[in-house]
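Each remark here refers to the structure printed beneath this line.
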2 protein chains.
Amino acid sequence: MGSGGMAAQQTALGLSAVTVAVTNEVPRVLAVRRMTHELATPVQRGGLPVGGESALALPFGPFQPERHRTLELGLRLWVEELTGLKLRYVEQLYTFGDRFRDPREAAGGPRVVSVGYLALVHEAPLTGTGEAEWCDWYDFFPWEDWRKGRPPVIEGIVRPRLDAWVFQAADDWERRARAGRVAQCFGVDEQWDIERTLDRYELLYEARLIPEAAQDGCLADPQPVDEEAARFLGRPMALDNRRILATAMGRLRGKLRYRPLVFDLLPPSFTLLQLQRVVEALSGKRLHKQNFRRLLQAGGLVEPTGQLEATGRGRPAELFRFRREVLHERVAPGVGIPTVRVGG
Amino acid sequence: MGSGGMAAQQTALGLSAVTVAVTNEVPRVLAVRRMTHELATPVQRGGLPVGGESALALPFGPFQPERHRTLELGLRLWVEELTGLKLRYVEQLYTFGDRFRDPREAAGGPRVVSVGYLALVHEAPLTGTGEAEWCDWYDFFPWEDWRKGRPPVIEGIVRPRLDAWVFQAADDWERRARAGRVAQCFGVDEQWDIERTLDRYELLYEARLIPEAAQDGCLADPQPVDEEAARFLGRPMALDNRRILATAMGRLRGKLRYRPLVFDLLPPSFTLLQLQRVVEALSGKRLHKQNFRRLLQAGGLVEPTGQLEATGRGRPAELFRFRREVLHERVAPGVGIPTVRVGG
DNA sequence: ACATTTTATGCTCATATGGAGCATAATTAT
DNA sequence: ATAATTATGCTCCATATGAGCATAAAATGT
């Protein structure tokens with residue numbers, strides 16, 4: 001970077017990993033604890049932890065071209081080192097490079113550009129070099145889990161605050177634009193599109209209901225964050241890491257439809273109910289069992305192993321495995337998820 | 001980059017633009033001519049132009065953190081400088097960072113990591129500082145234009161060569177995998193999924209029917225490129241630029257379904273037939289006129305201006321404009337494209 | 001043995017979507 | 001007038017899928 005030798009600002013290119021596993025019907029994501037002073041200069045940052053406190057962050061490592069033949073291999077390498085996990089499916093998400101992503105930039109630090117990746121693993125004890133931990137990803141997005149019905153936080157916190165935000169709009173066009181977005185993201189009559197996690201996060205962010213917004217050096221207007229609301233709107237993360245997480249969640253939910261990603265989160269053999277529970281955990285919605293199986297069968301995605309589950313009580317479930325051949329047979333092998341498309 | 005002062009390899013972060021316009025029913029993409037010696041050391045590169053010849057490349061510029069607040073703004077800035085065009089819609093595609101993307105790396109050059117962007121514009125004379133030119137994007141992908149039916153190059157060149165490639169597979173599992181991919185990408189009975197442009201390009205690349213594969217420093221195996229076939233498989237581009245283009249094409253085709261992107265390629269008012277022709281040009285397929293309009297109407301995407309087209313012959317068409325309000329009303333406003341999903 | 005619980009399965013039905021085609025109207029060029 | 005070209009209304013049908021009813025199979029508990 002900085003081809004001219006001048007005082008050109010440096011660029012640091014790194015890799016961020018959203019590592020996902022599902023156990024006991026809860027989707028988990030890998031996070032590390034970092035001292036906030038590692039991340040930010042001690043400027044005023046609203047109610048965020050300051051000084052020596054720790055914040056959750058996604059594992060992040062520099063990209064080392066001499067070691068890493070590709071970006072993806074680089075990410076695999078150091079995440080596997082860090083955690084001792086074997087990464088299964090890995091996919092590039094998005095590259096984040098906004099000014100002041102990392103607040104240290106304001107103090108003369110380099111611009112930190114980060115290529116975000118989604119990685120799927122089987123959850124296992126962490127044996128690597130780092131001190132990472134598994135977190136329930138709905139702790140970061142409590143409005144995204146609809147498995148027990150519409151989360152109360154939506155009516156209790158989100159809607160009232162967003163309605164106020166709509167009302168505060170400067171002019172009428174802006175007000176209608178805001179109202180439309182709120183309706184699309186959190187409307188009662190509208191359908192809940194499980195894939196639009198990023199839209200919803202960004203709406204809450206813009207409405208200053210997410211504490212990370214306080215840190216945002218790009219936002220010129222001085223609207224303070226609603227700390228009261230923020231306490232109910234999930235665990236904050238360092239920098240823009242929750243945005244990266246929201247991106248990952250949307251991508252994963254979307255891809256479940258037409259790629260057999262779930263099987264990278266499951267053991268080699270599993271019952272159909274286990275499979276359904278994993279899909280439900282990720283998509284945040286309950287599924288209709290018969291229809292789910294109808295689609296699995298139609299897609300030829302699984303085949304029986306002939307064995308039965310080491311049973312609890314009730315009729316023992318048959319064990320299935322993923323039919324790898326389906327990858328050569330079908331164009332879009334995915335598990336059945338309510339499609340929700342095009343509300344109107 | 002290169003935080004340790006050692007002989008650590010440098011990383012150069014740049015931005016690549018796929019700038020798309022549609023005129024006269026042909027989708028065009030902006031390319032620059034570069035001397036190949038700017039791009040590659042004069043090593044053996046099969047039948048590719050060597051030495052002082054020129055190759056087409058996507059506009060590429062370094063990312064300058066001190067000037068560019070975000071990656072996207074950086075891209076807008078220098079593409080607008082280069083071309084004098086006003087970019088409408090801009091979207092990040094993917095970040096490319098494989099070793100030897102740029103062959104100069106083998107001679108000690110930096111690793112060139114490039115963030116690819118899709119940009120939509122109205123085609124206009126180029127007034128900027130650079131010497132860019134508009135190219136028909138189907139010149140790069142002749143197998144992607146199905147508007148006049150299945151392109152003869154598929155039966156004439158693609159299928160025979162791919163069938164041979166399937167036959168050459170080392171073992172039986174590999175052979176079946178290859179056969180499956182060929183069937184999915186170019187099968188006769190399978191449906192043609194307009195979005196899978198990248199899959200198809202990568203298949204041809206792996207089968208060594210694309211001359212750019214000759215340059216690929218990552219490919220260990222020494223299979224030569226089929227130059228004979230390559231002559232019929234579109235214009236080559238520098239480096240991995242055709243891969244970036246294929247990524248853009250797939251993304252754009254996909255997004256047409258659920259985002260009103262077409263209107264960023266059209267003048268403020270247009271006839272419904274013009275609109276349809278642009279969608280057809282991009283998707284590479286003919287559409288059923290009545291159904292297309294049925295969906296437009298149902299979606300409330302356009303409204304009549306009251307004026308009629310300055311007519312050629314035939315009944316004069318009414319002029320329409322995009323209804324911006326639809327963005328606040330509907331979740332997924334897109335134009336009707338045959339969905340093709342899930343074959344089987 | 002029998003009820004209860006839990007899971008698996010088969011089947012039906014209503015609805016939404018969209019692909020395809022027929023028919024007709026409106027306008028201009030020749 | 002006739003042909004050509006474009007616009008428009010309407011029907012029909014296949015498919016996908018959301019939702020529900022009913023029943024079978026196996027294990028646990030009494």
Side-chain angles (χ1 to χ4, degrees), chain A residues 25 146 191-194 256-258 270-277 279-280 283 285-300 302-320 330-344, chain B residues 25 146 191-194 256-258 270-277 279-280 283 285-299 301-320 330-344:
Chain A
E25 308 189 19
W146 285 55
Q191 318 212 40
W192 183 259
D193 184 342
I194 58 170
L256 282 183
R257 289 192 208 290
Y258 59 96
F270 45 83
T271 70
L272 296 186
L273 191 58
Q274 275 172 33
L275 172 56
Q276 183 179 343
R277 293 296 179 229
V279 175
E280 289 173 339
S283 66
K285 285 207 132 186
R286 287 271 168 236
L287 301 174
H288 183 103
K289 188 192 288 192
Q290 294 92 319
N291 292 344
F292 181 76
R293 297 186 180 202
R294 185 214 285 169
L295 287 181
L296 277 179
Q297 188 147 38
V302 295
E303 63 192 358
T305 64
Q307 295 174 305
L308 297 184
E309 185 190 29
T311 181
R313 62 176 164 285
R315 170 173 170 177
E318 199 172 357
L319 285 169
F320 288 79
R330 296 177 49 92
V331 182
V335 292
I337 293 189
T339 306
V340 188
R341 306 253 117 253
V342 192
Chain B
E25 308 188 20
W146 285 55
Q191 318 212 42
W192 184 257
D193 184 342
I194 59 170
L256 284 181
R257 288 190 210 288
Y258 60 97
F270 46 81
T271 69
L272 296 185
L273 191 58
Q274 276 171 31
L275 172 56
Q276 184 180 341
R277 293 295 179 227
V279 175
E280 289 173 339
S283 66
K285 283 206 134 186
R286 288 272 167 234
L287 301 174
H288 183 103
K289 188 193 288 192
Q290 295 94 317
N291 293 343
F292 182 76
R293 297 186 179 201
R294 185 213 287 170
L295 287 181
L296 277 180
Q297 190 146 37
L301 281 162
V302 295
E303 63 191 357
T305 64
Q307 295 175 306
L308 296 183
E309 185 189 29
T311 180
R313 60 175 167 286
R315 171 172 168 176
E318 201 173 356
L319 285 168
F320 288 79
R330 297 176 49 92
V331 182
V335 292
I337 293 189
T339 307
V340 188
R341 305 253 119 253
V342 191

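Values below: all heavy atoms of this structure, side chains included; hydrogens, waters and symmetry mates excluded. The structure presented is a predicted model; accordingly, all values stated were derived computationally and were not measured. Quick note on labels: first sequence line is chain A, next is B, and so on, each numbered from 1.
Residue B:Phe320 contributes atom CZ, which lies 11 Å from atom C1' of D:dT8 at whole-angstrom precision. If you take CD of A:Gln276 and C1' of D:dG18, they are 14 Å apart, rounded to a whole angstrom. Here C:dG18 presents its P atom at 12 Å from CG of B:Leu296, a figure rounded to the nearest Å. The CZ-P distance, from B:Arg293 to C:dG19, rounds to 17 Å in whole Å. Counting to the nearest Å, the C1' atom of C:dG18 and the OH atom of B:Tyr258 are 20 Å from each other. If you take CZ of A:Arg257 and C1' of D:dA16, they are 14 Å apart, rounded to a whole angstrom. Regarding A:Leu295, its CG atom lies at a distance of 13 Å from the P atom of D:dA19, rounded to whole Å. Following rounding to the nearest Å, A:Leu275 (CG) and C:dT7 (C1') show an atom-to-atom distance of 15 Å.
Applying the side chain to side chain donor-acceptor pair (under 3.5 Å) test to A:Glu25 and every residue at least two apart in sequence or in another chain returns nothing. For B:Gln274, there are no side chain to side chain donor-acceptor pair (under 3.5 Å) partners two or more places apart in sequence or in a different chain. Evaluation of the side chain to side chain donor-acceptor pair (under 3.5 Å) rule for B:Glu318 yields no partner, not counting sequence neighbours. Partners of B:Gln290 according to the side chain to side chain contact (heavy atoms under 4.5 Å, CB included) rule, which considers only residues two or more places apart in sequence or in another chain, are B:His288. Among residues two or more places apart in sequence or in another chain, the side chain to side chain donor-acceptor pair (under 3.5 Å) test is passed with A:Arg293 by none.
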Hey, what are the protein-to-nucleotides 10-13 of chain C N/O distances that come in under 3.5 Å?
from	atom 1	to	atom 2	distance (Å)
C:dG10	O6	A:Gln290	NE2	3.2

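Atom CD in B:Glu280 sits 7.5 Å away from atom CZ in B:Phe292 (nearest 0.5 Å).
Put simply, B:Lys289 has no side-chain N or O that comes within less than 4.0 Å of OP1 or OP2 on D:dT6.
Of the candidates C:dG18, D:dT6, C:dA8, the closest approach to any side-chain atom of B:Leu273 belongs to D:dT6.
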